[in-house]
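Values reported hereafter were calculated over all heavy atoms of this structure, with side chains retained and with hydrogens, waters and symmetry mates removed.
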Amino acid sequence: MKGFGITDRGVVRTENQDCFRIEIMEDTGNAAVVLCDGMGGAQAGSVASRIAAEAFMSHALSCFRRPDGVRDLSRTIRECSDYANIKVYDRSFSDFGCMGMGTTLVGVLRFEGETLVVNVGDSRAYLINTEFSERITRDHSLVEDLVRNGTITPEAAKLHPRRNVITRALGVEQQVKCDVFRPTLRDGDVLLLCSDGLSNLVEETEFIRILADSSDPEAYCRALLALAMERGAPDNVTVVALYL
């Protein structure tokens, strides 16, 4: 298993409020990956994403290192999300400059061959190989709700003026509901995590095409970032790839 991640503030933004963390245990094949896209005035968004990513990763690794291991990965990944949420929430109330901040989160835990994905907000996880691309997560966003109830089409959602409005975020309330997914994976598959700075600019068909020309996760991530930058990158862009 190999992994790589990269983040950039983009062409327009002056600050990068995205954050990611990757930990791969070479001896066991276990892995934890998390990507967050912060929101908040001043520098609060970057504070929120950093706190959430570090809290998620800290709890995941502490669970991996328990003498009896992880007995329930679904419970563990929810605990990681909950821990990240309360850490951001507590900071927003203890620091006036961080009041109201929040962040999206998409994360992966892989333990003893079992893999789960969690998300809150509109940062995404995809399952990619050279033949197809499948979005694993579902956005917690206004336009996603409109698409689901048939009010607008997926094509119209891409251009909707409120496409960046999310309906769930970490750190805004004491508790937040996360969604957990169990993708069916095969050797050679790629788990791609990204902020909306990438998914708003690059199509899933392009994920497949670029993968075919990329020999490793670093080359893949850099190629995706370069394409987003070529298209103007009005938002921060973060992409993480885990090669199975």
Peer 1: Considering only heavy atoms from C-beta outward, does the side chain of Met25 approach that of Leu61 to under 4.5 Å?
Peer 2: yes
Peer 1: Do Val118 and Val70 share a hydrophobic cluster, counting only Ile, Leu, Val, Met, Phe, Trp and Tyr and linking them when any side-chain heavy atoms are less than 4.5 Å apart?
Peer 2: yes
Peer 1: Has the side chain of Asp196 got a donor or acceptor atom that lies under 3.5 Å from a matching backbone atom of Ser123?
Peer 2: no
Peer 1: Enumerate the salt bridge (charged side-chain N to carboxylate O under 4.0 Å, His left out) contacts for residues 99-111, please, sequence neighbours excluded, ordered by first and then second residue.
Peer 2: none
Peer 1: Answer yes or no: does atom CD of Glu206 have more than 12 heavy-atom neighbours from other residues, nucleotides or ligands under 6.0 Å?
Peer 2: yes
Peer 1: Give the minimum heavy-atom separation between Ala52 and Cys36, together with the two atoms involved.
Peer 2: CB-SG, 3.8 Å
Peer 1: So which pairs with a foot in residues 78-122 pass ring-ring contact (aromatic ring centres under 6.0 Å, His included), sequence neighbours left out?
Peer 2: His59-Tyr83, Phe64-Phe111, Tyr89-Phe93
Peer 1: For Phe4, which residues count as a ring-ring contact (aromatic ring centres under 6.0 Å, His included) partner, sequence neighbours excluded?
Peer 2: none
Peer 1: For Arg78, give me all partners under salt bridge (Lys or Arg N to Asp or Glu O under 4.0 Å), at least two apart in sequence or on another chain.
Peer 2: none
Peer 1: Mind checking salt bridge (Lys or Arg N to Asp or Glu O under 4.0 Å) for Glu218 and listing every partner two or more places apart, or none if nothing turns up?
Peer 2: Arg222
Peer 1: Going by the rule ring-ring contact (aromatic ring centres under 6.0 Å, His included), which residues pair with Phe207 if we only count those two or more places apart in sequence or in a different chain?
Peer 2: Tyr126
Peer 1: Any side-chain heavy-atom pair from Arg182 and Val180 closer than 4.5 angstrom?
Peer 2: no
Peer 1: Could you list all the salt bridge (charged side-chain N to carboxylate O under 4.0 Å, His left out) pairs where at least one residue sits in residues 84-99, not counting sequence neighbours?
Peer 2: Arg91-Asp95
Peer 1: How long is the span from the CG atom in Asp139 to the CD1 atom in Ile166, to the nearest 0.5 Å?
Peer 2: 9.5 Å
Peer 1: Verify, without hydrogens or angle tests, whether Asn119 (side chain) and Arg138 (backbone) share a donor-acceptor contact under 3.5 angstrom.
Peer 2: yes
Peer 1: Could you pull out all residues at least two apart from Asp213 that satisfy side chain to side chain contact (heavy atoms under 4.5 Å, CB included)?
Peer 2: none
Peer 1: Rounded at 0.5 Å granularity, tell me how far CG in Leu225 sits from CD in Glu230.
Peer 2: 10.0 Å
Peer 1: Considering non-hydrogen atoms only, spot the tightest contact between Ser81 and Leu170 and give its length.
Peer 2: O-CD2, 4.0 Å
Peer 1: Scan residues 168-190 for pairs that pass ring-ring contact (aromatic ring centres under 6.0 Å, His included), counting only residues two or more places apart or in two chains.
Peer 2: none
Peer 1: Roughly how far, to the nearest 0.5 Å, is CE of Met1 from CG of Asp187?
Peer 2: 9.5 Å
Peer 1: Let me check something: any side-chain donor-acceptor pairs from residues 234-244 under 3.5 Å, sequence neighbours excluded? List them with distances.
Peer 2:
unit_1: Asp235; atom_1: OD1; unit_2: Arg13; atom_2: NH1; d: 3.2
unit_1: Asn236; atom_1: OD1; unit_2: Gln17; atom_2: N; d: 2.8
unit_1: Asn236; atom_1: ND2; unit_2: Arg9; atom_2: O; d: 2.9
unit_1: Asn236; atom_1: ND2; unit_2: Glu15; atom_2: O; d: 2.9
unit_1: Thr238; atom_1: OG1; unit_2: Thr7; atom_2: OG1; d: 2.6
unit_1: Thr238; atom_1: OG1; unit_2: Asp18; atom_2: OD2; d: 2.7
unit_1: Tyr243; atom_1: OH; unit_2: Asp216; atom_2: O; d: 3.4

Peer 1: In Å, rounded to the nearest 0.5 Å, how long is the span from CD1 of Ile77 to CD of Glu114?
Peer 2: 9.5 Å
Peer 1: Going only through I, L, V, M, F, W and Y residues with side-chain contacts under 4.5 Å, is there a path from Leu211 to Phe132?
Peer 2: no
Peer 1: Should Met39 and Val172 count as side-chain neighbours, where that means a heavy-atom distance under 4.5 Å?
Peer 2: yes
Peer 1: With a sphere of 6.0 Å drawn around CG of Asp72, does it hold more than 12 non-hydrogen atoms of other residues, nucleotides or ligands?
Peer 2: yes
Peer 1: Of all the heavy-atom pairs spanning Cys63 and Glu79, show the shortest one and how long it is.
Peer 2: SG-OE1, 4.4 Å
Peer 1: What are the two closest non-hydrogen atoms of Ala53 and Cys19, and how far apart are they?
Peer 2: CB-SG, 3.9 Å
Peer 1: Could you grab the distance from atom CG of Leu73 to atom SG of Cys80, nearest 0.5 Å is fine?
Peer 2: 8.5 Å
Peer 1: Are Leu193 and Ile6 joined in one hydrophobic group, where the rule is that I, L, V, M, F, W and Y side chains link up if heavy atoms are under 4.5 Å apart?
Peer 2: no
Peer 1: Under 3.5 Å, is there a donor-acceptor pair between the side chain of Asp37 and the main chain of Ser49?
Peer 2: no
Peer 1: When you group the ILVMFWY residues by side-chain heavy-atom contacts below 4.5 Å and let the links chain together, are Met57 and Val120 in the same group?
Peer 2: yes
Peer 1: Walk me through it: do Leu105 and Val34 pass the test side-chain contact (heavy atoms from CB on, under 4.5 Å)?
Peer 2: CA-CA 7 Å; Leu105 182 146; Val34 61; 3.8 Å; yes
Peer 1: Using side-chain heavy atoms (C-beta onward) and a distance below 4.5 Å, is Leu116 in contact with Ser74?
Peer 2: yes
Peer 1: Return the set of residues passing salt bridge (Lys or Arg N to Asp or Glu O under 4.0 Å) with Glu54 (not counting sequence neighbours), or none when no residue passes.
Peer 2: Arg21, Arg50
Peer 1: How about CZ on Arg75, more than 12 heavy atoms from neighbouring residues, nucleotides or ligands closer than 6.0 Å, or not?
Peer 2: no
Peer 1: For Thr137 and Arg124, indicate whether the former's side chain and the latter's backbone hold a donor-acceptor pair under 3.5 Å.
Peer 2: no
Peer 1: The criterion is salt bridge (Lys or Arg N to Asp or Glu O under 4.0 Å); which residues satisfy it with Glu204, sequence neighbours excluded?
Peer 2: none
Peer 1: To the nearest 0.5 Å, tell me how far Asp82 CG sits from Phe56 CZ.
Peer 2: 10.5 Å
Peer 1: For Ala48 and Thr103, which heavy atoms make the closest approach, and how far apart are they?
Peer 2: O-CG2, 3.8 Å
Peer 1: If only atom types and distance count, is the side chain of Arg168 paired as donor or acceptor with the main-chain N or O of His140 below 3.5 Å?
Peer 2: no
Peer 1: Which heavy atom of Cys98 sits nearest to which heavy atom of Ala44, and what is that distance?
Peer 2: CA-CB, 4.0 Å
Peer 1: Are Leu185 and Ile208 connected into the same hydrophobic cluster when the rule is that any two of I, L, V, M, F, W, Y join if their side-chain heavy atoms are below 4.5 Å apart?
Peer 2: no
